[in-house]
**Student:** 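What follows is a single structure, and I will ask about it in a moment.
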Number of protein chains: 4
Amino acid sequence: MNTSTLPSDQTLNAACTAKRQQILDGAATLFLHNGYEGTSMSQVAREAGVSKGTLYNYFDCKAQLFSALIEAVAETKLRNVYERIHSDDLDCATTLQRVAEAMIRTLLQPDSMMLYRIIVAEARKFPLLADIFWQRAFGVSISTLADWIANRAARGELVVDDPVFAAEQFFMLCQTRIVQRHRFELPVDKSDAAIKTVARITSESFMKLNGAH
Amino acid sequence: MNTSTLPSDQTLNAACTAKRQQILDGAATLFLHNGYEGTSMSQVAREAGVSKGTLYNYFDCKAQLFSALIEAVAETKLRNVYERIHSDDLDCATTLQRVAEAMIRTLLQPDSMMLYRIIVAEARKFPLLADIFWQRAFGVSISTLADWIANRAARGELVVDDPVFAAEQFFMLCQTRIVQRHRFELPVDKSDAAIKTVARITSESFMKLNGAH
Amino acid sequence: MNTSTLPSDQTLNAACTAKRQQILDGAATLFLHNGYEGTSMSQVAREAGVSKGTLYNYFDCKAQLFSALIEAVAETKLRNVYERIHSDDLDCATTLQRVAEAMIRTLLQPDSMMLYRIIVAEARKFPLLADIFWQRAFGVSISTLADWIANRAARGELVVDDPVFAAEQFFMLCQTRIVQRHRFELPVDKSDAAIKTVARITSESFMKLNGAH
Amino acid sequence: MNTSTLPSDQTLNAACTAKRQQILDGAATLFLHNGYEGTSMSQVAREAGVSKGTLYNYFDCKAQLFSALIEAVAETKLRNVYERIHSDDLDCATTLQRVAEAMIRTLLQPDSMMLYRIIVAEARKFPLLADIFWQRAFGVSISTLADWIANRAARGELVVDDPVFAAEQFFMLCQTRIVQRHRFELPVDKSDAAIKTVARITSESFMKLNGAH
DNA sequence: AATGAATGAGGATTCATTCAT
DNA sequence: TATGAATGAATCCTCATTCAT
């Protein structure tokens with residue numbers, strides 16, 4: 001057997017993974033622009049530069065491709081939000097303000113916005129998917145923030161009974177006005193200043209609710 | 001004039017309105033269960049018990065039927081929320097708790113939930129519709145509550161700079177945990193007790209943020 | 001019986017005829033713009049300002065309405081062509097040139113052009129109709145001209161074996177270039193000068209073919 | 001290379017072309033019988049023995065299929081007319097008579113007749129198509145004949161100012177009586193003898209108009 | 001593993017015609 | 001007689017999926 005002309009397993013896997021990724025990239029572009037029903041498998045094939053047959057070699061059906069895509073995308077979306085929670089050197093209010101600002105900016109990104117729309121819209125049809133999305137995006141953000149809150153409470157900087165609920169309240173407050181209105185495509189000031197203001201008010205509100213005096 | 005053999009204008013209008021309502025009812029069932037793309041005009045016709053031709057006699061196209069439906073439904077959904085804001089004889093905390101409870105219960109209703117899903121999902125395609133929905137549901141609730149807040153602030157019971165923003169924060173807080181998780185079809189305690197608890201915390205939080213002293 | 005409140009037969013007929021005409025007028029506008037298949041009965045009803053029910057009271061079906069319309073329209077279209085053939089005071093060439101010019105101008109009118117298109121297109125489906133159209137338009141023109149030719153031949157101004165064939169040739173020659181190309185929507189000089197030139201050449205050609213000497 | 005298991009490019013192209021041709025054949029049958037509006041894509045699919053989906057794989061829409069069909073058919077229809085113009089060994093009158101006869105016979109063929117009907121009927125909707133049809137059928141016939149006329153004029157056999165106009169007149173004269181009446185589905189003698197007579201008269205007329213002396 | 005031609009059910013919409021009022 | 005709401009078959013076209021190559 002001539003191994004020089006045949007790809008090794010690693011090469012195969014790499015090729016396989018690469019092609020898979022290529023499809024997912026094409027799918028992301030389309031699903032996040034046009035939604036689930038608004039995207040056809042032909043479009044995905046064309047966008048990804050593969051044939052429809054290949055599509056179905058990698059994914060059993062449209063629903064599965066969609067699920068795989070959401071799984072992949074959900075992971076990355078809020079990472080830069082909850083990753084910045086671990087900075088321990090700043091006072092509570094400042095950290096929270098920065099987290100709030102990151103959250104608002106992230107949620108306003110076209111991709112995140114569409115992701116939210118799609119997940120909420122299709123949660124009935126793909127409950128597992130909504131679950132995965134929650135765990136990888138909102139869920140991890142909430143629990144990371146809850147841990148941080150518990151930590152600060154232990155340090156006496158906050159007074160909190162239920163850190164998870166407090167974290168949930170915090171992220172809800174982040175969505176006041178700008179994010180919420182943008183979800184309804186209403187005209188709303190999305191300027192830097194406006195975002196900073198909402199982030200500041202959110203942080204201040206949280207401190208009023210949970211700060212030690 | 002022989003009124004027994006000729007229908008009066010009212011009868012005619014009634015018939016017309018009745019058929020229209022009949023179609024809207026069928027459409028509501030389907031659109032609110034399966035979404036916009038997931039509902040076909042044939043299904044609507046069958047559900048409403050009319051022919052496809054009749055459908056198109058009353059509504060120019062699918063989009064218009066959908067719009068008419070959302071307009072009609074949006075109007076009624078949150079009415080019982082903002083109508084109970086006007087009770088002036090109770091203290092702030094109690095009123096707010098009742099409003100919060102009504103809001104949570106309303107948003108958890110299958111219809112409202114689907115309405116939210118659909119509006120958010122299709123806001124891109126039907127921006128006008130999202131606008132109408134906002135005005136008739138969230139918008140009126142927010143401005144009603146904002147008025148109430150301003151009133152209570154004038155009475156010295158609250159201290160509020162921006163009553164509208166405060167109202168928006170209040171309704172965001174209402175959606176913490178139960179509503180939010182239900183939107184993602186996550187398992188969550190939707191018991192009476194749980195709802196009351198969130199409503200109470202929301203009310204208390206608001207009073208902490210905006211109460212006098 | 002109170003005849004003063006009931007319309008007499010004549011009034012009825014008049015009303016009937018008027019309504020009929022009203023429908024035919026609306027139908028003419030539409031059929032001559034959009035063709036047979038391109039015109040719907042609803043459009044006709046709206047254009048004529050009557051209900052669809054009334055339409056079907058006066059005409060059994062779309063085909064019959066169409067036929068009635070063509071009958072009515074065909075009659076008038078070429079009248080001003082063959083009516084000017086009877087001027088006996090001019091020399092042959094001049095008369096023919098004027099007839100040719102009238103013919104070309106008439107055939108170029110949007111109505112006539114569409115009538116030709118429609119009749120030719122639908123002749124298979126409505127052979128009787130094509131026959132009627134022929135008799136009332138081309139047919140009467142040909143026979144009128146043939147009579148005139150025979151008359152002039154009798155006067156020694158023309159030498160013609162078969163006046164009918166000669167007349168047919170004359171009208172075919174009229175359609176050279178401008179009319180023919182306009183039927184194919186090709187760009188062609190339709191200026192007054194161009195029309196006059198073709199008319200002159202047609203007349204001259206006819207005289208060369210059939211003139212005495 | 002194992003050519004027995006893999007189709008060559010030619011085979012693939014052949015298959016593609018064959019299927020395309022199969023569709024065009026089915027489309028020809030129907031469009032040329034029932035016209036553009038009178039033919040449905042379902043009918044074409046059934047007639048061609050393919051699915052509707054396949055139809056739309058080969059042609060973007062009904063209009064494009066129709067256009068492709070007309071383009072293909074137009075090319076061939078009058079070829080045997082203008083190809084016989086190049087015979088230089090015969091005298092003018094004989095050549096013209098043969099060309100006239102070929103023209104009349106061709107225009108009387110059911111296919112050509114329907115082609116004319118459809119093009120004239122749909123020229124408004126498909127001006128490009130009418131243009132293509134003209135160029136490939138009447139246009140090339142006219143210019144070929146015009147060239148021949150110019151050539152004979154150079155040889156002193158004809159005296160012609162405007163060879164193109166003369167050619168156009170010639171083809172108009174060919175359509176006198178038989179072709180013209182057949183377009184209106186009128187009863188008319190289409191016998192061999194009748195055709196020959198019209199061809200002879202046409203040739204003689206042309207010689208009278210343009211012959212030397 | 002990759003292709004892309006083929007499928008056919010299903011999508012929205014139109015329209016000639018009928019009929020109760 | 002006049003109305004116009006109701007019908008449902010037919011229109012063009014799309015799309016997820018399969019399968020021979």
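Residue numbering restarts at 1 for every chain, and letters A, B, ... go by the order of the sequence lines.
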**Student:** May I have the distance from C:Phe59 (atom CZ) to F:dA2 (atom P), rounded to whole angstrom?
**Tutor:** 12 Å
**Student:** Just how far, in rounded Å, is P of E:dA6 from CZ of D:Arg20?
**Tutor:** 13 Å
**Student:** Could I get the full list of salt bridge (Lys or Arg N to Asp or Glu O under 4.0 Å) partners for C:Asp111, not counting sequence neighbours?
**Tutor:** C:Lys77
**Student:** Provide, to the nearest angstrom, the distance between the CZ atom belonging to D:Arg46 and the C1' atom belonging to E:dA6.
**Tutor:** 18 Å
**Student:** Can you name the side chain to side chain donor-acceptor pair (under 3.5 Å) partners of A:Tyr116, sequence neighbours left out?
**Tutor:** B:Tyr116
**Student:** Would you give me the side-chain donor-acceptor pairs under 3.5 Å for residues 28-38 of chain C, sequence neighbours excluded?
**Tutor:**
residue, atom, partner, partner atom, Å
C:Thr29, OG1, C:Asp25, O, 3.1
C:His33, ND1, C:Thr29, O, 2.8
C:Tyr36, OH, C:Ala63, N, 3.4
C:Glu37, OE2, C:Lys125, NZ, 2.7

**Student:** Report the distance from atom CG of C:Leu65 to atom C1' of E:dC15, rounded to the nearest whole Å.
**Tutor:** 15 Å
**Student:** Given atom NZ of B:Lys125 and atom P of E:dA12, what is their separation to the nearest angstrom?
**Tutor:** 11 Å
**Student:** Separation of A:Lys19 atom NZ from E:dT3 atom C1', in whole Å?
**Tutor:** 11 Å
**Student:** Quick one: list whatever passes salt bridge (Lys or Arg N to Asp or Glu O under 4.0 Å) with D:Glu122, sequence neighbours left out.
**Tutor:** none
**Student:** Please state how far atom OH in C:Tyr58 lies from atom C1' in F:dT3, giving the value in whole angstrom units.
**Tutor:** 13 Å
**Student:** Mind checking side-chain contact (heavy atoms from CB on, under 4.5 Å) for D:Ser51 and listing every partner two or more places apart, or none if nothing turns up?
**Tutor:** D:Thr54
**Student:** Scan for salt bridge (Lys or Arg N to Asp or Glu O under 4.0 Å) pairs involving residues 38-64 of chain C, sequence neighbours excluded, and state none if there are none.
**Tutor:** none
**Student:** In dot-bracket form, how is DNA chain F paired, counting a Watson-Crick or G-U wobble pair only if both its distances are under 3.5 Å and using | for bases paired to another strand?
**Tutor:** .||||||||||||||||||||
**Student:** I'd like to check A:Phe66 versus A:Val44 (side-chain heavy atoms, cut-off strictly below 4.5 Å). Are they in contact?
**Tutor:** no
**Student:** Round to a whole Å and report the spacing from CZ of B:Phe66 to P of E:dA12.
**Tutor:** 13 Å
**Student:** Using the side chain to side chain donor-acceptor pair (under 3.5 Å) criterion, which residues pair with D:Glu75? Sequence neighbours excluded.
**Tutor:** D:Arg136
**Student:** Indicate for each nucleotide in nucleotides 8-15 of chain F, in 5' to 3' sequence, whether protein heavy atoms under 4.0 Å reach the base (B), only the sugar-phosphate (S), or nothing (-).
**Tutor:** B-BSSBBB
